[in-house]
Amino acid sequence: MPKPKVAFYWCASCGGCEEAVVDLAEDILKVVEAVEFVLWPVAMDFKIKDIESINDGEIAVSFINGAIRTSEQEHIAKLLRRKSQLIVAFGSCAHLGGTPGLANFTDRKKIFDWVYLKAPSVINPEGTIPLQKTTTIHGELTLPEFYNSVFTVDQFIETDYYLPGCAPPPDLIIKAIEAILYRNLPEKGTVLAPDKALCDSCNRRDSKPEKSVIKEIKRVHEVLIDPEKCFLDQGIICLGPATRDGCGQRCINANMPCRGCFGPTSRVQDQGAKFLSALASIIDINNEEEIKKIIDSIADPAGIFYYYALPASMLRRRI
Amino acid sequence: MQKRITIDPITRLEGHGKIEIFLDDNGNVEKTYFQIPELRGFEVFCVGRPAEEMPRITPKICGVCPTAHHICSAKALDSLYKTQPTSSAKKIRELMYSTFMLEDHTLHFYFLGGPDFVVGPTANPAERNILGVISKVGVDIAKKVINLRKECRDVITLIGGRVIHPVCGLPGGVSRPLNEEERLKIEHVAENGVEFAKFSLKVFDDIVLKNKDYVDVITGDVYKHNTYYMGLVDKNNKVNFYDGDIRVVTPDGNEFARFKPEDYLEHIAERVEPWSYIKFTYLKNIGWKGFIDGTDSGVYRVAPLARLNVADGMATPLAQAEYEKMYSTLGGKPLHNTLAFHWARLIEALYAAERMLELSRDKEVTDTNIRNIPVSIPEEGIGVVEAPRGTLIHHYKTNTKGIITEVNLIVATVNNAAAICMSIEKAAKKLIKNGEISDGLLNMVEMAFRAYDPCFACATHLLKNDNRLKINIYNKNGDIIRQL
């Protein structure tokens, strides 16, 4: 029997998801044995012609990482959808938009203005900015369109599964690959990670009081962080209550709070809204105005609550 | 008949890279363009974020060298809050950083740069990859590479929480101390690291330096540019990845500038071209004269060979001996041979391993005094490190509450962007003649670029069927006339 064809493609991403695959270490050799790669970022040609020459539906699974920010990325995501039986949105950016999704608080014009015209190291008296088409004496050069917003993969194409995390941890990657190879898959649309909140398995859970109660919010640089105690109980914003479990508490192990890279559980539609309600419930004040005052004291609540998930949120972007 | 060759994609640099080669009527190269078709706008969407989140946000620029952005950002916060990390915190940061440099440099050699030499620059592309390397050097060595990578990445995870996007850096320190058991474990990895780095230099010696053809390629004119060089040096003018002054030397090797990172805007400027989303840096005090080398052009280079060229030597004994060997073997200093970046990278890996070992044996890394809590009103901060790919600068301004109001980033590879364009064009002009094009020749064009950039997917060469390049040759009507 021929090996199943697998594609691994990146859109607006950092390369961390590729590193995560290499971090499978010796297991990667087993994966290479079991599948036939037909596309890998950088590794293979992704010219339209070559991908199109594969029959529709011939690729068993395409893993797409990175958000969608340019016309080229949209185009290739759609092409892969047509060619693939399954699409897995791989990593926070593909799943939720990711941290670069915070760019939905701004827009293309502001980005171009700063990066190419106003940044202090730029010397650009002619006001040159990159163009989709440049005519030189040698010929025409093109660049893809840079969209005004960052999008998740499922905002452009039907997505079968999600592998969460920035980047997804090796144990979940291997499990997902095995599930696909052995056709042992859950319901379509499932996020391939435990469906419970990070707090449920947090190793600080035991030290957490029955009910956390806080009177003020502190920022991580302002205080010595107790390495045993629940962050929220210390007044430090930790997105654990609004975030799916499965990361192995990587940040918490380094004594830093969760920022939500796994996104919410299946019961939650909007991670930021979920966190806000979780936070309100532990503020030890009954006066609504006082609660508001405390929440207003949070530095950049929108940025923190939607650290990884702005494009996937009900907010999506600043209008 | 005018022809056009498109190599797309060529790189993972911030996404993708693309090369357009234009041929004249005789089939010789007239002009090449190296384009970066992507942008994510970090400098703009970081505005409004709390400064202390920057060490967690900016690593997302690059998942291959997140540790570089993380530490650079933490240093920018030190500067922003006018504080310094405690002595143990500084050592923990540098320990993590040395581990990262060792891992990144070593892997580049085996997974990326190595195949061109170990398997051969014009070898069958299906074999010109890590599996080809394995069959040439043996499975045992491959397992050694995989294990060393894993051990190093476990050390970074231990200190930073996560290896892809660490989280431990804070203004004035780190978030978590090390205990004695952990220190011993790291020391053990460092011991392996030193042995492995020595071994890698021996592999380079056996396979590359003992092969006259390779040495001729390295020292030949195809891969050579007489440029300025930039890099961090310590107070003794030795290479340093974590701290120091930025030094610039002329193509003749004389000191052109030596400045504090805070003064970077007096020395570095960026140019915009309409055909690429990447910017091109140059020496401000010389000016932009185009994509050309020489003393009159502001183009400079960064990363391993540049760092060795700007320094007077290495701060550790084994790396110093290798440093002397490289310059005496290839003849003189500075070295302008682009492919010598590979050798310089391995010498730096050895330095990183030795430094890692020194720090892991320093009992102060287990001191629990790891934080200086900032007390100053924040305003402006600049941090610098040497990333694997070169000098990296983070520059932030904030309001009095420490909310970011302005960000400027000089990312390592941007420093080399102009030189990369030039190297590609020169190699293409020297290698492609009379319209004769082959996969091997085009790979040799790619080698001009590969020498600079360890950020290619390690996975690139992990595939059995490496169809990395498809080259379409068009006539002037845009019709494909030949496909390779």
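Note on naming: letters A, B, ... go to the chains in the order of the sequence lines (proteins, then strands), and numbering restarts at 1 for each one.
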Close side-chain approach of Tyr33(B) to Thr136(A), heavy-atom, < 4.5 Å: yes
Selection from Trp288(B), Tyr81(B), Tyr282(B), Phe42(B) maximising heavy-atom pairs under 4.5 Å formed with chain A: Tyr81(B)
Residue part contacting chain B, namely of Ile304(A), when any heavy atom lies under 4.5 Å: side chain
Residues Val150(A), Arg40(B); criterion side-chain contact (heavy atoms from CB on, under 4.5 Å); working and verdict: CA-CA 9 Å; Val150(A) 177; Arg40(B) 282 174 296 155; over 6 Å; no
Heavy-atom closest pair, residues Arg219(A) and Glu52(B): NE-OE2, 2.7 Å
Pro50(B), part contacting chain A, at a heavy-atom distance under 4.5 Å: both
Chain A contacts, top residue of Glu406(B), Lys401(B), Arg271(B), Lys150(B) (heavy-atom pairs, under 4.5 Å): Glu406(B)
Side chain, backbone, both or neither of Ile268(B) within contact of chain A (heavy atoms, under 4.5 Å): backbone
Toward chain A, the part of Leu158(B) with a non-hydrogen atom under 4.5 Å: neither
Carboxylate-amine/guanidinium proximity below 4.0 Å for Glu19(A) and Arg149(B): yes
Arg108(A) portion near chain B, given a 4.5 angstrom heavy-atom threshold: neither
Interchain contact, Glu20(B) with chain A, by part (heavy-atom threshold 4.5 Å): side chain
Choice from Ile252(A), Asn253(A), Val115(A) maximising heavy atom contacts with chain B below 4.5 Å: Val115(A)
Atom of Ile111(A), atom of Val44(B) and distance for their closest heavy-atom approach: CA-CG2, 3.5 Å
Approximate separation, where rounding is to 0.5 Å, of Lys118(A) NZ and Asn408(B) CG: 14.0 Å
Heavy-atom pairs under 4.5 Å with chain A, option from Arg56(B), Lys143(B), Lys284(B) with the top count: Arg56(B)
Greatest number of heavy atom pairs closer than 4.5 Å to chain B - which of Val122(A), Leu141(A), Thr134(A), Thr142(A): Leu141(A)
Point-to-point distance, once rounded to the nearest 0.5 Å, from OG of Ser92(A) to NZ of Lys60(B): 7.5 Å
Structural part of Arg49(B) lying under 4.5 Å from a heavy atom of chain A: both
Step-by-step side-chain contact (heavy atoms from CB on, under 4.5 Å) determination, Met256(A) to Leu170(B): CA-CA 10 Å; Met256(A) 289 292 276; Leu170(B) 286 163; 3.9 Å; yes
For chain B, the option from Ile225(A), Thr70(A), Asn124(A), Val220(A) that forms the most heavy-atom pairs under 4.5 Å: Val220(A)
Rounded distance (nearest 0.5 Å) linking atom OH of Tyr116(A) with atom CD of Glu273(B): 12.0 Å
Phe112(A) and Tyr277(B) aromatic ring geometry - parallel, tilted or perpendicular at 30°/60° bounds: perpendicular
Closest heavy-atom pair and its distance - Arg4(B), Glu140(A): NH2-O, 2.7 Å
Proximal component of Val407(B), with respect to chain A [non-hydrogen, under 4.5 Å]: backbone
Proximal component of Pro257(A), with respect to chain B [non-hydrogen, under 4.5 Å]: both
For Ile164(B) against Asp23(A), the heavy-atom pair lying closest together: CD1-OD2, 3.7 Å
Part of Tyr308(A) within contact of chain B (heavy atom distance under 4.5 Å): side chain
Chain B contacts, top residue of Arg69(A), Glu222(A), His221(A), Lys133(A) (heavy-atom pairs, under 4.5 Å): His221(A)
Considering all heavy atoms, the nearest Ile403(B)-Ala299(A) contact: CD1-CB, 3.8 Å
Which atoms of Pro100(A) approach chain B - backbone, side chain, both or neither, heavy atom under 4.5 Å: both
Main-chain N/O of Ala254(A) paired to Ser175(B) side chain as donor or acceptor, under 3.5 Å: yes
Contact origin within Lys279(B) toward chain A - heavy atom pairs under 4.5 Å: side chain
Part of Ile123(A) lying under 4.5 Å from any heavy atom of chain B: both
CD1-NE2 distance between Ile21(B) and His138(A), expressed to the nearest 0.5 angstrom: 13.0 Å
Shortest non-hydrogen contact between Asn255(A) and Arg176(B), atoms and distance: CB-CB, 4.3 Å
Side chain Arg371(B), main chain Val223(A), donor-acceptor under 3.5 Å: yes
Side-chain touch Arg162(B)/Cys261(A), heavy atoms, less than 4.5 angstrom: yes
Heavy-atom proximity to chain B below 4.5 Å, by part of Ala67(A): neither
Between Gly303(A), Cys251(A), Gly98(A), Ala302(A), the one whose heavy-atom pairs under 4.5 Å with chain B are most numerous: Cys251(A)
